[in-house]
Amino acid sequence: MTIATSHRIADILTRHEQPILEAWLREQLVALSARQDLISEADLRRQSAEFLALFTSACRSGNITDITAPEWKQSCSNLGNVSRSRATQGFSPSETATFVFSLKQPFFSRLRQELGGDAAGLAEEMWNATVLLDKLGLYTTEVHQKAREEVIKLQQAEMLELSTPVVKLWDGIIALPLIGTLDSGRTNIMMENLLQSIVDTGSDIAIVDITGVPTVDTLVAQYLLKMVAAARLMGAECIICGIRPQIAQTMVHLGVEFGNVVTKASLADALAYAFRQIGCTVSKQTSRS
Amino acid sequence: MTATKSRTMPLDSCEEIVHLRQTTRSWMAEQRFTLVEQTKMMTATSELARNAVVYGGGGSAKLELLEGSGRMGIRVVVEDQGPGIADIGQAMTDHFTSGQGMGLGLGGAKRLVDDFEIRSEPGKGTVVSITKWK
Ligand SMILES: Nc1ncnc2c1ncn2[C@@H]1O[C@H](COP(=O)(O)OP(=O)(O)O)[C@@H](O)[C@H]1O
Ligand SMILES: [Mg+2]
């Protein structure tokens with residue numbers, strides 16, 4: 001790769017920026033014709049003009065092979081923004097990559113026009129341009145993927161908040177039914193919810209039901225113990241229930257002990273215990289017919 | 001003893017620990033391991049995977065279904081290229097932790113499975129292999 005060849009590309013881009021932009025826009029409008037709901041023509045024009053200008057100036061640096069180099073930083077960050085906004089707007093990865101790939105056609109026909117008489121030169125520049133645009137296209141796909149993952153993480157976080165409800169069972173008794181895996185993000189929310197509910201309801205007893213937790217490893221056990229200790233500091237007693245037989249056996253082998261924490265087999269047992277603690281009695285009505 | 005099925009999974013985040021655990025469980029359920037055996041293996045796997053993420057700075061896990069001489073088993077090999085463990089005896093001791101854990105992960109994992117092997121070289125990384133036979 002000589003400096004001279006890369007200057008040919010930069011030179012052609014610079015001299016024909018406007019017609020290339022117009023042709024590129026036409027390509028994109030055709031490719032995205034079904035997506036007019038997602039992006040306006042004016043926005044597309046602005047995005048395209050911005051990127052083409054940065055792309056041209058990056059090519060002028062002489063480096064048209066390594067897009068991780070500093071001279072490509074601005075182009076890539078611009079492209080990254082386009083990809084991210086498309087990912088959140090609901091464009092598919094291929095629709096996002098179209099932004100770059102649709103530049104090929106107008107760019108190549110311009111190269112043909114300019115270098116038509118020099119077959120070797122044309123072949124070389126076509127190859128250079130293809131490799132370069134392919135790299136940039138793949139880059140948009142990578143950014144798109146990462147942005148989608150972010151969206152999913154956000155949605156998960158929202159769901160986690162929904163899925164850790166504290167319910168009031170009786171005056172002075174609340175319950176926290178835990179369902180699913182307990183990763184650290186979620187346990188913090190759970191703990192906050194539980195402590196806040198203890199305060200809000202003035203409860204003396206909090207029942208934590210782990211029937212829906214598939215694994216209790218040392219990390220989960222530690223969370224549960226922390227929760228009990230924190231509730232205790234708030235003046236409430238925590239009862240853990242719903243430890244299934246296979247979990248109990250596993251905990252014994254692990255060597256984890258819940259020590260002086262009250263544990264009950266089922267939520268019903270825990271509630272019966274809680275009633276006794278607050279001095280409530282539940283009895284069947286005797287029929288007198 | 002030959003591996004009839006094998007899969008390597010990355011281990012760099014909480015989500016990947018959960019994924020490994022779930023895969024271990026579904027492989028065992030397919031082979032009709034009992035619920036107790038499934039839970040024990042999943043829990044041991046979880047401990048090793050978390051160590052690889054927390055202390056090893058991430059790594060990978062290889063899941064293998066073993067078959068031969070009339071028995072079958074499942075093996076999980078968790079590997080990282082982290083700082084390694086200088087004193088394995090100390091690390092295996094119950095309640096020893098260099099972090100904020102309960103210090104029961106390694107010892108507990110060993111008690112939960114049939115075969116347990118640990119190799120570690122300071123500066124190079126750690127490999128722990130656990131197997132449950134049926
Ligand atoms: N993969 C690893 N890489 C480096 N050190 C480890 C690794 N796994 C365990 N250790 C060391 O062994 C100690 C004990 O581990 P473990 O029994 O799981 O308890 P905990 O995770 O609660 O500390 C850890 O605190 C750590 O110092
Ligand atoms: Mg551990």
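Proteins get letters first, then strands, A, B, ... in listed order; numbering begins at 1 in each. Reckoned from all heavy atoms, side chains included, excluding hydrogens, waters and symmetry mates. The shown structure was predicted, so the numbers you read here are calculated from the model rather than taken from an experiment.
- The two residues B:Glu47 and A:Leu219 come nearest to each other via the heavy atoms OE2-N, 4.5 Å.
- Atom CD of B:Gln100 has 12 or fewer heavy atoms from other residues, nucleotides or ligands within 6.0 Å.
- Residue-environment remark: CD (B:Glu117) stays at or below the threshold of 12 foreign heavy atoms within 6.0 Å.
- Environment of CH2 in A:Trp170: sparse, with no more than 12 heavy atoms of neighbouring residues, nucleotides or ligands closer than 6.0 Å.
- Residue pairs meeting the side-chain hydrogen bond (donor to acceptor under 3.5 Å, both in side chains) criterion with at least one partner in residues 132-146 of chain A, sequence neighbours excluded, are A:Lys104-A:Asp134, A:Gln145-A:Glu149.
- Remark: B:Lys134 NZ is packed, more than 12 non-hydrogen atoms of other residues, nucleotides or ligands lying under 6.0 Å away.
- Across B:Arg50 and A:Asp217, no two heavy atoms sit closer than the pair NH2-OD2, 3.8 Å.
- The structure places OG1 of B:Thr43 at 11.5 Å from NE2 of A:His253, a figure rounded to the nearest 0.5 Å.
- Scanning both residues, A:Leu254 and B:Arg111, for their nearest heavy atoms gives O-NH2, 3.0 Å.
- Highest contact tally toward chain B, considering only A:Val216, A:Val220, A:Thr218, is held by A:Thr218 [criterion: heavy-atom pairs under 4.5 Å].
- Contact of the B:Arg25 side chain with the A:Pro214 side chain is registered, since non-hydrogen atoms from C-beta on lie closer than 4.5 Å.
- From B:Lys40, atom NZ reaches atom OG1 of A:Thr215 across 15.5 Å, with rounding to the nearest 0.5 Å.
- Counting heavy-atom neighbours within 6.0 Å of B:Lys5 NZ, excluding the residue itself, gives a total above 12.
- If you measure heavy-atom distances from B:Gln38 to chain A, you find no contacts under 4.5 Å at all.
- Annotation for A:Gln74: atom CD does not count as buried by contact number, only 12 or fewer foreign heavy atoms lying within 6.0 Å.
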message: Checking B:Arg21 against A:Thr181 for the side-chain contact (heavy atoms from CB on, under 4.5 Å) test, could you report, in this order, the C-alpha distance in whole Å, the side-chain angles of both residues, the deciding distance, and whether it holds?
response: CA-CA 10 Å; B:Arg21 224 159 50 199; A:Thr181 49; 3.2 Å; yes

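- Of the listed residues (A:Gln249, A:Met251, A:Gln222), the one with the most heavy-atom contacts under 4.5 Å to chain B is A:Gln222.
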